[in-house]
Every structure is written in structure tokens, then in C-alpha cells.
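Only a predicted model underlies this, so the values are computations on that prediction, with no experimental measurement involved.
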Amino acid sequence: MKKFVLAVIVSWMLVSSVQAELKIRDLLDLALVPPELKINPTGFNDEDRDYNMVIGVERAAKGRIWAATISGEDGEGGYLVVWSSDDDGKTWSKPRLVIKPESAACGLFRRTLIACLWTDPSGKLWLFFDQSMGAYDSRSGVWYTTCSNPDAENPEWSHPIRFGHGNMLNKPIVLQDGTWLLPVSHQLLCDPGASGRRFLSKEALAEFYQFGNRMKPLQGAHVYASYDAGKTFQRIGSVRFPHFAGDEHMLIEKKDGTLWMLGRTGRGIDEAFSTDGGKTWSEPKFAIPHTVSRFFIRRLASGNLLLVKHGGFGTQEEAVQCGRNHLTAYLSEDDGKTWKGGLELDVRSISYPDGFQHPDGRIFIAYDFERSRAAEVRMAVFTEADVLAGKDVSGKVRLHEIISKATKKNQGK
């Protein structure tokens with residue numbers, strides 16, 4: 001009789017476990033459902049928001065500038081807001097597009113937190129974004145929507161498509177042979193967020209974390225390639241940076257065809273190299289002193305490289321002491337071996353630079369300042385000559401300009 005009762009209990013536990021897993025998987029799979037694109041929405045203006053984190057800035061082919069920010073919080077309540085400017089960034093529209101996914105019925109948030117704006121060689125504007133259940137469900141997912149008429153009065157956005165796990169913060173690059181390479185990070189972060197910890201049962205939370213453990217083999221700073229101008233994407237290679245701190249990696253094709261990957265780590269900026277188009281990579285090693293934060297690197301039309309980072313090129317200890325202060329632009333004329341100049345864009349504690357180069361040579365960089373207090377997303381404009389001189393010699397420098405300032409009373413985030 002005891003054996004029979006024990007067998008029944010074990011069977012019940014197994015069935016309950018399977019049911020719990022099915023339920024949490026059904027819940028997690030809500031992140032695979034395309035979100036609604038809210039076009040020209042109401043209720044998301046500066047006065048409606050109390051948080052502002054920069055995502056990126058990009059220029060459309062005919063001149064309109066697009067900017068993307070995260071509102072809500074840097075967590076489970078995050079959502080994406082996209083703006084535009086038709087006067088070179090001097091004034092900005094009300095929100096043109098918002099991606100704020102609906103929460104699950106149980107109270108678990110479905111959020112969008114990491115995104116990227118990019119204009120491809122044909123002039124099509126791409127908005128890559130992630131979607132996750134809770135703060136991080138350890139799988140997330142990279143989606144895109146495209147706009148073929150980004151300079152039009154009423155831009156039209158395509159239905160969102162998901163092409164892989166992870167998230168993508170930084171712009172793709174186009175190789176000399178036409179291949180597109182995308183830097184996609186699949187992080188091991190597993191956090192249901194405060195709402196998940198409050199509303200999910202202990203069994204569901206346990207399954208949530210077990211799901212995260214099963215995702216561990218997929219971790220890495222990945223490289224996705226498109227050989228058909230964005231019709232299809234495939235993961236071709238990966239790097240695992242030691243001292244993981246978000247990856248936020250960026251790609252550069254050197255003049256000899258070697259690929260250079262730079263990533264954010266807990267010990268500064270690490271680097272790795274590939275000589276086979278991104279399929280295999282060297283072991284990562286420390287490259288540039290930097291605080292734990294996003295940086296920006298891009299090939300300019302002149303052939304020089306632009307690097308925007310915090311502080312100088314002293315020791316890593318000095319970089320840590322600098323923190324997220326003294327955002328400065330540098331140039332390299334020798335493919336990244338040495339860096340020249342140093343135009344300070346903002347001395348204060350700011351973060352997350354992203355940018356583009358105008359056809360006339362000017363460089364536009366967006367960043368954020370005090371995401372939950374001042375709640376400002378700002379922009380700097382300058383030229384290569386200004387960077388080399390370390391001051392305004394072109395007469396074109398514009399610093400500290402406002403893209404967006406959330407003015408709703410902060411709720412203590």
C-alpha cells in the first residue's frame with residue numbers, strides 16, 4: 001500500500017512538473033508573438049514620461065534624422081520610442097513610433113529594451129529591437145521592422161519579423177563584398193523582474209530559471225550575416241568575452257579585410273579578430289582602457305576610424321576612476337593602431353553614444369544624461385578637423401543639444 005501511495009505521489013509530482021513547464025513555456029513563448037507598432041501614438045510625449053535612455057540615432061537618405069530612446073525603465077517596464085527631425089536635429093517631432101508590448105495576464109511584463117536604427121545601402125531604414133518576458137528571459141529575441149519611405153510625410157513600417165535569439169544594440173556593417181554583418185549578443189541574464197517574482201508561483205519561477213539554464217550553451221557575442229541584402233540572416237560565428245558585462249560589441253572591417261570585434265567587458269574594451277569573414281575568431285584580449293559602458297566606433301567616409309569613449313588612453317585603473325564622465329571623440333588614421341585628437345563632447349556623467357556621419361562630413365553623436373533625473377537624450381555635432389584639434393575649428397560644432405527631455409515627475413526609478 002505504501003509503495004502504491006508513493007507511486008501515485010511520484011506520478012502526480014511528475015505530471016505537475018510537466019504541467020508547470022508547459023505553463024511557463026506558454027508564458028515565455030508570448031515573447032515570440034509580434035508586438036503592435038503604435039504609429040503616431042498619443043500619451044508618450046515628453047510630459048508623459050519620466051525616464052529616458054538613448055538607443056541610437058540615424059540619418060535617412062534624404063536627410064531626415066531618426067532617434068530612438070527607451071522609456072519606462074532599464075528593466076521589465078522598458079519600451080521603445082522613436083522620434084524624427086527634419087531640420088538637422090535642431091527640433092524634434094512628437095513620437096512617431098512606439099513599441100510597448102502588452103503584459104501577460106498573470107502580470108509578467110513583456111518588454112522591449114534594446115534596439116538599433118540603421119539605414120542600409122539602398123536607403124531603407126531598419127529598426128532592430130528585442131522582446132523578452134520579464135526583465136530578461138535568457139532568450140529574448142532580435143526582431144526588425146523596416147521603413148522604405150523614411151523621409152515621407154507618413155512613413156510606413158513593415159510587419160515585425162524575428163530572426164534569432166538575443167539582442168542587438170549596435171549598427172551592422174557592410175563588407176567590401178556586400179555582405180551585411182550584424183552584432184547580436186545572447187546574454188545569460190535571467191530575471192523575471194519584480195512583477196514576475198510577485199505574480200508567478202514558486203513552481204513557475206523555478207521553471208523560469210531552469211529555462212535560463214538551458215539557454216547557457218547559446219551565450220556569446222554573435223555575428224549574424226546576410227548575403228542577400230537583408231532577405232535572410234544566419235548566425236555564422238561567435239566570441240565569448242571573459243569578464244562579461246553585456247558585450248555591446250561592434251564590428252569593423254580593416255583595410256586588409258580582417259574583421260575586428262570590440263566588446264564591452266568588466267576589464268575594459270576587449271578585441272578579437274577574424275580572417276574568414278566572421279566564422280572563426282581569435283581568443284579575445286584586452287585592447288582599450290574603458291569604464292564598463294557602451295562606446296562607439298565607426299569607419300568614416302575619409303577612411304579614418306572614429307572612436308567615442310569615456311576618458312583617455314591611460315591605465316584601466318584611470319578609466320575606472322573616470323567612470324562615465326568625459327565622453328570624448330578620437331580619430332585613427334592607421335586602422336586603429338593609434339588614436340589622435342580628443343574632442344570632449346560632455347564632461348558630465350553621461351552614457352551610451354551612438355551616431356552617424358552626414359554626407360557633408362559632419363558627425364552626429366547621441367547620448368543620454370541622468371536617465372531618471374534630468375532624463376535627457378542629447379546630441380553633439382562636429383567634424384574630423386574638430387576632433388584632431390580638440391576644439392571647434394570648423395565653426396560647425398554643436399554640443400549639448402536636446403533630442404528629448406522626459407519631464408513627468410519621476411516615480412523613483
Side-chain angles (χ1 to χ4, degrees), residues 18-41 43-44 55 68 70-82 95-117 125-147 156-169 182 184-201 203-205 207-212 214-215 218 222 224 230-235:
V18 170
Q19 289 177 338
E21 180 168 357
L22 288 174
K23 289 179 180 178
I24 193 64
R25 280 304 301 271
D26 288 343
L27 187 59
L28 288 170
D29 284 351
L30 290 176
L32 306 181
V33 178
E36 174 192 1
L37 302 182
K38 304 178 191 299
I39 307 298
N40 299 322
F44 297 96
I55 283 297
I70 291 296
S71 289
E73 63 174 324
D74 186 2
E76 62 176 355
Y79 61 91
L80 184 70
V81 184
V82 180
R96 303 293 298 262
L97 170 67
V98 168
I99 301 178
K100 186 179 182 182
E102 298 298 324
S103 300
C106 72
L108 185 65
F109 278 79
R110 183 168 65 128
R111 64 99 186 118
T112 292
L113 191 64
I114 301 171
C116 170
L117 283 166
L125 181 66
W126 293 69
L127 174 61
F128 298 92
F129 63 93
D130 79 330
Q131 185 171 250
S132 172
M133 296 305 298
Y136 290 95
D137 62 15
S138 74
R139 175 175 58 181
S140 192
V142 188
W143 298 71
Y144 67 82
T145 175
T146 63
C147 182
E156 298 177 354
W157 296 88
S158 65
H159 184 72
I161 295 175
R162 187 184 192 275
F163 69 86
H165 298 334
N167 59 69
M168 181 173 151
L169 179 64
L182 285 64
V184 174
S185 175
H186 190 167
Q187 305 175 6
L188 284 183
L189 302 175
C190 188
D191 179 6
S195 62
R197 287 187 291 272
R198 179 181 175 186
F199 290 107
L200 296 180
S201 66
E203 293 79 9
L205 279 173
E207 284 299 328
F208 187 100
Y209 292 120
Q210 287 179 24
F211 179 79
R214 289 194 288 273
M215 292 291 106
L218 300 179
H222 301 308
Y224 276 71
K231 295 178 181 177
T232 60
F233 298 94
Q234 56 184 285
R235 184 166 65 90

Got a sec, which residues hit ring-ring contact (aromatic ring centres under 6.0 Å, His included) with [X], two or more places apart in sequence or on another chain?
X	result
Y224	F163
H186	H165
F44	Y79

Roughly how far, to the nearest 0.5 Å, is the [atom2] atom of [Y] from the [atom1] atom of [X]?
X	Y	atom1	atom2	result
F129	R162	CZ	CZ	10.5 Å
I161	F128	CD1	CZ	11.0 Å
L189	S138	CG	OG	9.0 Å
N167	S132	CG	OG	9.5 Å
I114	L169	CD1	CG	6.5 Å
E102	F109	CD	CZ	11.0 Å

Exercise: identify the closest heavy-atom pair between [X] and [Y]:
X	Y	result
L113	G78	CD1-CA, 4.1 Å
I55	C116	CG2-N, 4.0 Å
Y136	Q187	CE2-OE1, 4.1 Å
C106	L200	SG-CD2, 3.9 Å
S71	V81	OG-CG2, 3.9 Å
V98	P41	CG2-CG, 3.5 Å

Inspect the surroundings of CZ in R197 and state if more than 12 heavy atoms from other residues, nucleotides or ligands are less than 6.0 Å away. yes
Would you please classify the geometry between the W126 ring and the Y144 ring as parallel, tilted or perpendicular, with 30° and 60° separating the classes? tilted
With a 3.5 Å distance limit and no angle check, can you tell me whether S158 reaches the backbone of T145 through a side-chain donor-acceptor pair? no
Does E76 reach the main-chain N or O of S195 with its side chain, forming a donor-acceptor pair under 3.5 Å? yes
Check the pair V142 / F233 against side chain to side chain contact (heavy atoms under 4.5 Å, CB included), numbers first and verdict last. CA-CA 11 Å; V142 188; F233 298 94; over 6 Å; no
Counting only pairs under 3.5 Å, give me each side-chain donor-acceptor contact of residues 28-39, with atom names and distances, residues two or more places apart or in other chains.
residue: D29; atom: OD1; partner: R139; partner atom: NH1; Å: 3.3
residue: D29; atom: OD1; partner: R139; partner atom: NH2; Å: 3.0
residue: E36; atom: OE1; partner: K38; partner atom: NZ; Å: 3.4

Test side-chain hydrogen bond (donor to acceptor under 3.5 Å, both in side chains) applied to D130 - qualifying residues, sequence neighbours left out: R111, S140
Mind checking side-chain hydrogen bond (donor to acceptor under 3.5 Å, both in side chains) for T112 and listing every partner two or more places apart, or none if nothing turns up? none
Side chain proximity check, F211 to I24, heavy atoms < 4.5 angstrom: no
Less than 4.5 Å apart, side chain to side chain, heavy atoms only: is that true for L127 and L80? yes
